[in-house]
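Okay, so here's the structure we're looking at.
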Amino acid sequence: MQKIEKRVSPKGPFVVIVGPTAVGKTKVSIDVAKEMDSEIVSADSMQIYEHLDIGSAKPDVIEQDGVKHHMLDCIPLDYSYSVAQFQSDARNSINSIINKGRLPIVVGGTGLYVHALTHDIDFTRVVGDEDYRKQLEAISEEKGKEFLHNMLIEKSLDRAKNIHPNNVKRVIRALEILNDDSVKNNDTYDFEKPLHGIDFTIIGLNMDRQQLYDRINLRVDIMIEDGLIDEVESILASGFSKDLVSMQGIGYKEIIEYLEGIVTLGQAIYNIKKASRRLAKKQITWFKRDKRIKWWDLSDQDYCGATNEVIEYINDWRMSI
RNA sequence: GCCUCGGUAGCUCAGUCGGUAGAGCAAGGGACUGAAAAUCCCUGUGUCGGUGGUUCGAUUCCACUCUGAGGCA
């Protein structure tokens, strides 16, 4: 675990486009960016990795259509990236775009990453403490998950009531934060703390659930046709371990199971589709509760109309700030 | 034409010796502070093929009927 040297604050206004996987964020955002002479900052925890091209649905150079993309295809596969680092790196990207006099458009489906960019959360304060974590893991093993959770209740009932005792990973991290001296006497460690002084607007894209699922299923079939299996084989042949965090992404872990003979190709494809549908559902759940989002419905494939409306909306918003 | 076995949740099927039903998968809802495509929690969604009959009461028993599979002609 490494410490992020300095906290980065965004310098100026930016746009955010969110939505579930396969809804059409990439297409809409590139069209909008071209129209507005913008650059895109990706907020996607998988597309950020190198070599995860087909399976992460990363836009290639042709699809990018001349629009400059940041935070895409830039982290080595064997590096364990994190939201803290993303917050810092993405804000640097945003600021570099603003320095060019352009409007940054953040695009992505990773809710926590977007949350970190659009709230005043300071991840630099509490660094991971491996020894303390091991100690807590040992307590969980020996005395049980409930015992560990009770420790959290004693320190902060507020934090404890939103974390289920079975979610040991979360309980440990919460204890780690509360154990840090800088947090102990500081009640401003607020997940929802607004980002003051910076104007931004969040646009959400969604569509009829069944239509979205049809698109997901079709896209998985296309990924297989485009050579997802070769992509996974070549990653493994390059010496990367299947245990890497990056290789737990949807489309990768399932193909690895197929390559290892655990499941048939048909089952692997079925599993990828299922996991993708569940991802979309979770993303919708995450974004639904964010009342700042202005939603557009992309059902029935009306991309042109929606894109024009979004452009108009952004123009109006810019005039108002 | 005759015989046999089926028809119950989106799918595959249990089950009720008569008191309006439950598993798996699929699905839905939710939590979220340094792995977030991660981690974790909650939920059965139903004209029991149709119409009659027997019964206090039928998804269950009976008759007819529609429908699927197999067998015999």
Side-chain angles (χ1 to χ4, degrees), chain A residues 1-4 7 20-22 42-49 52 55-58 75 78-89 108-130 132-133 140 145 148-149 152 156 158-180 182-183 186 188-193 209-210 212-213 216-217 220 223 243-255 267 270-290:
Chain A
M1 191 76 54
Q2 68 188 66
K3 181 145 182 147
I4 287 134
R7 203 171 163 213
T21 184
S42 170
D44 186 300
S45 64
M46 287 296 143
Q47 291 181 0
I48 197 166
Y49 285 110
L52 305 187
S56 76
K58 190 188 291 169
I75 300 295
D78 52 3
Y79 187 88
S80 285
Y81 205 64
S82 71
V83 62
Q85 195 135 22
F86 175 82
Q87 185 191 47
S88 165
D89 294 345
T110 302
L112 182 62
Y113 283 14
V114 171
H115 192 97
L117 280 189
T118 57
H119 289 86
D120 187 15
I121 300 173
D122 184 0
F123 288 105
T124 64
R125 200 156 43 184
V126 185
V127 186
D129 180 340
E130 284 302 324
Y132 188 55
R133 274 187 196 178
S140 172
K145 297 167 180 175
L148 197 70
H149 191 251
L152 184 57
S156 168
D158 231 33
R159 298 278 297 124
K161 67 186 178 192
N162 283 330
I163 303 176
H164 192 278
N166 286 352
N167 205 348
V168 175
K169 198 157 107 176
R170 285 284 179 71
V171 174
I172 288 178
R173 178 58 190 163
L175 282 167
E176 187 176 74
I177 291 166
L178 293 167
N179 189 51
D180 191 281
S182 65
V183 176
N186 190 335
T188 59
Y189 208 81
D190 180 5
F191 192 48
E192 303 287 344
K193 193 175 176 190
R209 191 68 66 93
Q210 193 51 55
L212 182 64
Y213 284 3
I216 287 170
N217 295 338
V220 172
M223 284 176 179
D243 297 322
L244 292 169
V245 169
S246 53
M247 294 307 281
Q248 307 312 307
I250 295 169
Y252 297 93
K253 57 177 180 289
E254 293 85 356
I255 293 298
Q267 285 166 333
Y270 177 85
N271 289 339
I272 295 171
K273 290 177 179 175
K274 180 171 69 179
S276 301
R277 277 183 250 126
R278 288 182 173 166
L279 167 63
K281 190 165 89 75
K282 277 198 309 189
Q283 289 172 310
I284 291 167
T285 297
W286 178 285
F287 292 126
K288 221 166 29 180
R289 78 165 179 179
D290 190 339

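Proteins get letters first, then strands, A, B, ... in listed order; numbering begins at 1 in each.
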Take atom [atom1] in [N] and the same atom in [M], then report the distance between them in whole Å.
N	M	atom1	answer
B:G46	B:G29	P	16 Å
B:A58	B:U54	P	11 Å
B:C5	B:G44	P	36 Å
B:G24	B:C42	P	13 Å
B:A37	B:A9	C1'	30 Å
B:U43	B:C25	P	15 Å
B:C61	B:G19	C1'	15 Å
B:A27	B:U67	P	34 Å

> What orientation do A:Tyr81 and A:Tyr113 show, parallel under 30°, tilted 30 to 60°, or perpendicular over 60°?
Replying inline: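 Aromatic pair A:Tyr81/A:Tyr113 classed perpendicular.
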> Parallel under 30°, tilted from 30 to 60°, perpendicular over 60°: which one fits the rings of A:Phe191 and A:His115?
Replying inline: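 It falls in the parallel class, under 30°.
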Is [X] near enough to [N] that one of its side-chain N or O atoms lies under 4.0 angstrom from OP1 or OP2?
X	N	result
A:Lys161	B:A31	no
A:Thr110	B:A36	no
A:Asn166	B:C41	yes
A:Ser82	B:A35	no
A:Lys274	B:A26	yes
A:Arg277	B:A27	yes
A:Arg173	B:G34	yes

>> Judged by each residue's nearest nucleotide on RNA chain B, which is more toward the 5′ side, A:Lys169 or A:Ser80?
In response: A:Ser80
> Toward the 5' end of RNA chain B, which comes first, A:Gly109 or A:Arg278, by nearest nucleotide?
Replying inline: A:Arg278
>> Among B:A31, B:A37, B:G34, which nucleotide has an atom closest to any side-chain atom of A:Met46?
In response: B:A37
> Which of the following nucleotides, B:A36, B:A26, B:C40, is nearest to the side chain of A:Val245?
Replying inline: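 Selected nucleotide: B:A36.
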> Can you name the nearest heavy-atom pair linking A:Ile216 to A:Ser276, along with the distance?
Replying inline: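 In terms of heavy atoms, the two residues are closest at CG2-CB, 3.4 Å.
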How is [X] classified with respect to the nucleic acid when contacts are heavy atoms under 4.0 Å: base, sugar-phosphate, or nothing?
X	value
A:Lys145	nothing
A:Tyr113	sugar-phosphate
A:Gly55	base
A:Tyr252	nothing
A:Tyr213	sugar-phosphate
A:Ser56	base

> How would you list, by chain and number, every residue that makes a ring pair (Phe, Tyr, Trp, His ring centres under 6.0 Å) with A:Tyr49, sequence neighbours excluded?
Replying inline: none
> Would you say the side chain of A:Lys282 and the base of B:G30 hold a donor-acceptor pair, judged only by whether the two atoms sit under 3.5 Å apart?
Replying inline: no
> Is there a donor and acceptor pair closer than 3.5 Å between the side chain of A:Arg170 and the base of B:A36?
Replying inline: yes
>> Between P on B:G34 and CG on A:Asp89, what's the gap in Å once rounded to a whole number?
In response: 17 Å
> Could you spell out the base pairing of RNA chain B in dot-bracket, with Watson-Crick or G-U pairs whose two distances are under 3.5 Å, [ ] crossing and | to another strand?
Replying inline: (((((((..((((.....[..)))).(((((.......))))).....(((((..]....)))))))))))).
